[in-house]
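Beneath this line is the structure, given in structure tokens, with notes to follow.
Each ligand, and each atom within it, is numbered from 1 in the order the structure gives.
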Amino acid sequence: MPLVTTRQLLDEAAKGGYGVGAFNVNDMEQIQAIMEAAKETNSPVIIQASRGARQFAQDNYLYHLMLAAAELYPQIPLAMHLDHGNSFETCESAIKLGFTSVMMDGSLKADGKTPATFEENVEVTKKVVDYAHERGISVEGEIGVLGGIEDGHGAGGSGLDHVTDPDQAVEFAERTGVDSLAIAIGTSHGAYKFTKKPDGSVLKMDLLIAIHKRLPSTHLVMHGSSSVPKDLQDIINQYGGKLKETWGVPVEEIQLGIKNGVRKVNVDTDNRLAITGAIRKVFVETPEKFDPRDYLKPARAAMQKVVAQRMTQFGQAGHASDYTAISIADMAKGYADGTLVTKPLVAAK
Ligand SMILES: [Zn+2]
């Protein structure tokens with residue numbers, strides 16, 4: 001299938017009542033792992049790249065790998081998404097390259113570290129929305145600030161420092177016209193999210209539910225939503241790693257989110273853990289090996305297993321053949337004539 005927009009994937013997910021995993025990539029093996037998992041489970045999927053990934057892989061390599069994925073898996077609806085764009089220019093360059101959706105993370109200033117004001121966030125996000133929609137490309141915004149740091153992006157600190165205010169979320173959605181909205185409910189980027197199994201004091205699912213009640217048709221996005229399972233941590237440590245004990249977002253909390261408007265779930269750390277564990281195992285068990293394929297193959301297989309599991313848990317499995325791609329040109333028409341305006345935006349009181 002040609003690359004589709006995240007907006008179409010998420011509209012379909014809302015109709016079907018499921019969530020779609022958005023998995024981060026830096027290289028070919030990760031893209032291969034995701035596509036094989038999508039094929040195995042018959043899932044639509046979002047593949048996303050951060051600024052760090054674009055720098056690491058170079059834009060043209062990434063883009064052509066994504067085109068190869070679309071070509072090799074014509075049955076899979078696939079969106080290519082920019083994760084945490086830090087400025088209008090970053091989003092613009094991704095759109096020019098061929099990304100089918102972008103995130104404008106205006107919750108932080110362009111340095112990717114300092115929290116921005118609400119007005120600054122609205123202004124830059126609206127500018128990206130106008131530019132993107134004219135070209136048929138969808139936009140994710142963020143209101144509230146996630147905790148932690150990923151690929152050098154983030155304010156650091158706890159996920160509870162700047163949780164989303166529901167009134168601001170409503171105003172932000174109204175003024176920017178974003179297709180989807182990332183909210184801060186206590187989650188953080190990276191492996192070290194929580195120091196114990198999270199409960200309502202640190203993971204604010206009640207806040208998510210309150211926002212969904214006010215914005216019933218807005219696709220909500222959960223960032224920092226790796227579950228950081230103990231078995232993946234254990235494999236790394238068993239083979240010489242030194243991870244400190246940590247907790248992620250339990251899958252059942254994500255599933256509760258999906259019942260309450262969450263349509264996109266960002267997962268990166270779990271895949272990183274799976275890859276590293278598999279590689280360490282080969283290095284420790286067979287130190288005589290030196291062909292990169294000897295460890296990249298099990299690493300890719302380990303990531304595929306985690307991705308397939310998440311696809312099943314999020315409910316996207318089995319939904320790849322529900323629909324055909326809407327062209328980017330037709331998406332642009334839909335934005336221009338108002339058919340793609342989110343309705344009803346704000347719930348009647
Ligand atoms: Zn994120």
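Figure legend: K244 and Y192 shown as a cation-pi pair, the cationic atom lying under 6.0 angstrom from the six-membered ring centre and within 45 degrees of its axis. Remark: R135 qualifies as a cation-pi partner of Y131 under the 6.0 Å distance and 45° angle criteria applied to the six-membered ring. Cation-pi geometry between K127 and F88 is met: under 6.0 angstrom from the ring centre, within 45 degrees of the axis.
Taking 4.5 Å as the limit, every side-chain heavy atom of Q48 sits out of range of all side-chain heavy atoms of M80.
Counting only protein N, O or S atoms, 3 lie closer than 2.8 Å to the Zn ion (ligand 1).
Tested against F23, the residues V45, V306, D270 include a single side chain to side chain contact (heavy atoms under 4.5 Å, CB included) partner, V45.
Between E171 and R175 a salt bridge is recorded (basic side-chain N to carboxylate O distance below 4.0 Å).
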